[in-house]
Amino acid sequence: MVLLSTSKYTKVMPIPMQTVSEWYTTIVERAGLAEHSPVRGCMTIKPYGWALWENIQRPLDEAFKATGHQNAYFPIFIPLSFLAREAQHVEGFAQECAVVTHYRIKTDTATRSVSPDPEASLEEPLVVRPTSETIIWHSFKDWIHSYRDLPLLINQWANVVRWEKRPRLFLRTAEFLWQEGHTAHATAEEALQEARMILDLYASFVQEYLAIPVIKGVKTPNERFAGAVETFTIETLLIDGKALQAGTSHFLGQNFARAFDVKFLNAQNELEYVWATSWGVSTRLIGAVILSHGDEKGLILPPRIAPIQVVVIPIWRKEEEQAAVTQKAREVTEQLKAKGIRVKLDDDPQHRPGWKFNEWELRGVPLRFAVGPRDLEAGTVEVAWRHSAHKSTYPQSEAIARIEEWLMDIQKGLFDRAKARMESQIYRTDNYTEMREILEEKGGFIFAHWDGTTETELAIKEETGATIRCIPLEMPSEEGRCIYTGRPSSQRVLFAKAY
RNA sequence: CGAGGCGUAGCGCAGCCCGGUAGCGCACCUGCUUUGGGAGCAGGGGGUCAGCGGUUCAAAUCCGCUCGCCUCGACCA
């Protein structure tokens, strides 16, 4: 269908459905975002990928602080017994925890082998955090005494480990980076409001910065975070028709407060358990960007998070042209820089312009300025748009003057395109056979009635592979009959096969 | 954990069926010509053929075991 490149130097690489995973792995590696590490399930994030992550972190971090949150840091190791404090929580993570059992290794110089020293086993094994609720609530017990200590609004940027059986770069890795917010409140209403506020914040961020449309919703009890009373989610659909949870926000009720005995004195001098939330987004967002905007030529990055927004490429034929062209390219680069644009001048003599064009397109740079002898004469630059493949020549002054406008248009264009694509992949149906056919053939969201039971949810999952991604928050309720059992239903939910 | 596939130069691969001097493309080094969509020619460097064991005069190739990776399932905020 769509081809990565027809050049004789690159393999022809079809995208859709069956081969998306191959396309995805190729793009991640060739664009220099990340690579597989010697440790199964873990990845090495390369400089370009890290720059992208930094551009995601920065605005999020600012938004958290602007809404009153403070950053802190808690240990990576959690005593095994802490996890056991909250029954549902431990059950949810038991299958995927890495455990540290020794504090020393033994070396054998003869065989040049090393192994854990059997005489140095830890009295209490330590779990490498799969999430930090337990160790954070251990601290919260000491931090919270009165209603004057509330609300307590904490965030941490950290790595976590979940021993995934089937890892994918960025989308599901054994170790990943994220932020996790943990808050404590005096009332249920306030905690719930916090969870909803963060959900809105996530949705705005993902839509406005990553240009990815999302649907806000509530998870079913079956899909809920282990230990939560209510889990809110933002869900999106990727180019292959599979759903991806892009962020979650949990209302934890008093579950962790009870488990860790965190009480406060209210204004009436009465002792009460606090109310809590937790919420997070991860490096998975990078996977979402790749699989929302990418095409046959590679990555396409939204300008607001692109490590390089404009690449400037000098072009010359004869040696005597080189100096003049390069100088002009430098001037253009400086003018863009002066306007706060993230710009790269690629004057590497190792590669010819054509090679550079392909390379920077593969890496998703939104705009390319080319400056050659013709432009030198005319005082122009050639501007090329990555996402639309449009190419035009403008007077240099106009190109510089319009750069912000162009980048904003690209940002909006990417969002509109992704939104139109997602909407075209939402199928509203009341017919189970049709639902199965759609899921089988095209993927996408199935917007259908559900009787509200876990039993039905699991049966549908068993038969179709699709799960309920969420009960949308911003859709009107509507009476109907469950697509599977025919029992009464008061709202449609979104089914999909998910990452 | 189940089913398939793959481990040969930094990367991508051929060679294996049918045993006999380890090859190709890209990348790298040197030189010249080139440079507006992945440059051309000439010369050159680079290998524990995943590991261990077996068969054989001889093993990348045949046999056995082990390890690793990928894809698809099962499982999984």
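Protein chains get the first letters and strands the later ones, always in sequence-line order, with residue 1 at the start of each. Small disclaimer: the values here were computed from a predicted structure and weren't measured.
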Pick the [atom1] atom in [N] and in [M], then give their distance to the nearest Å.
N	M	atom1	value
B:C13	B:U55	C1'	30 Å
B:A59	B:G51	C1'	15 Å
B:A22	B:A50	P	15 Å
B:A42	B:U66	C1'	47 Å
B:G40	B:C67	P	45 Å
B:G68	B:C52	C1'	15 Å
B:G53	B:A9	C1'	27 Å
B:G15	B:A60	C1'	8 Å

Given atom [atom1] of [X] and atom [atom2] of [N], what is their separation to the nearest angstrom?
X	N	atom1	atom2	result
A:Glu164	B:G73	CD	C1'	16 Å
A:Trp163	B:C1	CH2	C1'	16 Å
A:Arg469	B:C76	CZ	P	12 Å
A:Trp23	B:U71	CH2	P	15 Å
A:Lys497	B:C75	NZ	C1'	16 Å
A:Arg352	B:G38	CZ	C1'	9 Å
A:Trp355	B:A39	CH2	C1'	14 Å
A:Tyr499	B:U71	OH	C1'	13 Å

Steps toward side-chain contact (heavy atoms from CB on, under 4.5 Å) verdict (A:Glu437, A:Lys442):
CA-CA 8 Å; A:Glu437 281 171 11; A:Lys442 327 186 234 197; over 6 Å; no

Should A:Arg172 be listed as having a side-chain N or O under 4.0 Å from OP1 or OP2 of B:C76?
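For B:C76, neither OP1 nor OP2 has a side-chain N or O of A:Arg172 closer than 4.0 Å.
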
Under 4.0 Å between a side-chain N or O of A:Lys165 and OP1 or OP2 of B:C72?
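No, outside the criterion.
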
What is the base-pairing partner of [N], counting Watson-Crick and G-U wobble geometry with both distances under 3.5 Å?
N	value
B:A9	none
B:U34	none
B:G20	B:C57
B:G46	none
B:C52	B:G64
B:C75	none
B:G4	B:C70

Remember a base hit wins even if backbone is also touched, and classify [X] as base, sugar-phosphate or nothing at under 4.0 Å, heavy atoms.
X	answer
A:Phe176	base
A:Trp360	nothing
A:Pro130	nothing
A:Lys461	sugar-phosphate
A:Arg368	base
A:Glu223	sugar-phosphate
A:Gly92	sugar-phosphate
A:Gln322	nothing

Is A:Glu398 salt-bridged to A:Arg402, cutoff N-O under 4.0 Å?
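Looking at A:Arg402 together with A:Glu398, the answer is yes, because their closest N to O distance falls below 4.0 Å.
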
Ion pair check, A:Arg374 and A:Glu382, cut-off under 4.0 Å
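No, no charged N to carboxylate O under 4.0 Å.
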
Which of these nucleotides, [options], is closest to any side-chain atom of [X]?
X	options	result
A:Glu359	B:G37, B:G36, B:G38	B:G38
A:Arg166	B:G37, B:C76, B:C72	B:C72
A:Arg30	B:G73, B:U35, B:G38	B:G38

Going by distance alone, is a donor N or O of one side chain under 3.5 Å from an acceptor N or O of the other, for [X] and [Y]?
X	Y	result
A:Thr380	A:Asp375	yes
A:Glu175	A:Thr173	no
A:Tyr484	A:Glu463	yes
A:Gln179	A:Gln57	no

A:Lys391 (side chain) and B:G37 (base): donor-acceptor pair under 3.5 Å:
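For A:Lys391, whose side chain was compared with the base of B:G37, there is a donor-acceptor pair (under 3.5 Å).
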
Classify the ring geometry of A:Trp157 against A:Phe64: parallel below 30°, tilted from 30° to 60°, perpendicular beyond 60°.
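A:Trp157 and A:Phe64: tilted rings.
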
Test of ring centre spacing under 6.0 Å for A:Phe225 and A:His89:
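That pair passes the under 6.0 Å test.
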
Measuring centre to centre across the rings, with the benzene-like ring taken for any Trp, is A:Phe176 within less than 6.0 Å of A:Trp178?
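Ring-ring flag for A:Phe176/A:Trp178: true, centres closer than 6.0 Å.
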
Pull out every protein N or O sitting under 3.5 Å from an N or O of nucleotides 68-70 of chain B, one pair per line with the distance.
{"residue": "B:C70", "atom": "OP1", "partner": "A:His36", "partner atom": "ND1", "Å": "3.3"}
{"residue": "B:C70", "atom": "OP2", "partner": "A:Arg40", "partner atom": "NH1", "Å": "3.4"}

Given RNA chain B, 5'-ward residue of the pair A:Thr231 and A:Pro349, judged by closest heavy atom
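Per heavy-atom nearest nucleotide, the more 5' residue is A:Pro349.
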
Assuming nearest nucleotide by heavy-atom distance, tell me which of A:Pro373 and A:Lys219 is located more 5' along RNA chain B.
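Checking each residue's closest nucleotide, the 5'-ward one belongs to A:Pro373.
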
Should A:Gln350 and A:Trp355 be marked as a side-chain contact (heavy atoms from CB on, under 4.5 Å) after you check the CA-CA gap, both sets of side-chain angles, and the distance that decides it?
CA-CA 10 Å; A:Gln350 299 299 318; A:Trp355 191 93; over 6 Å; no

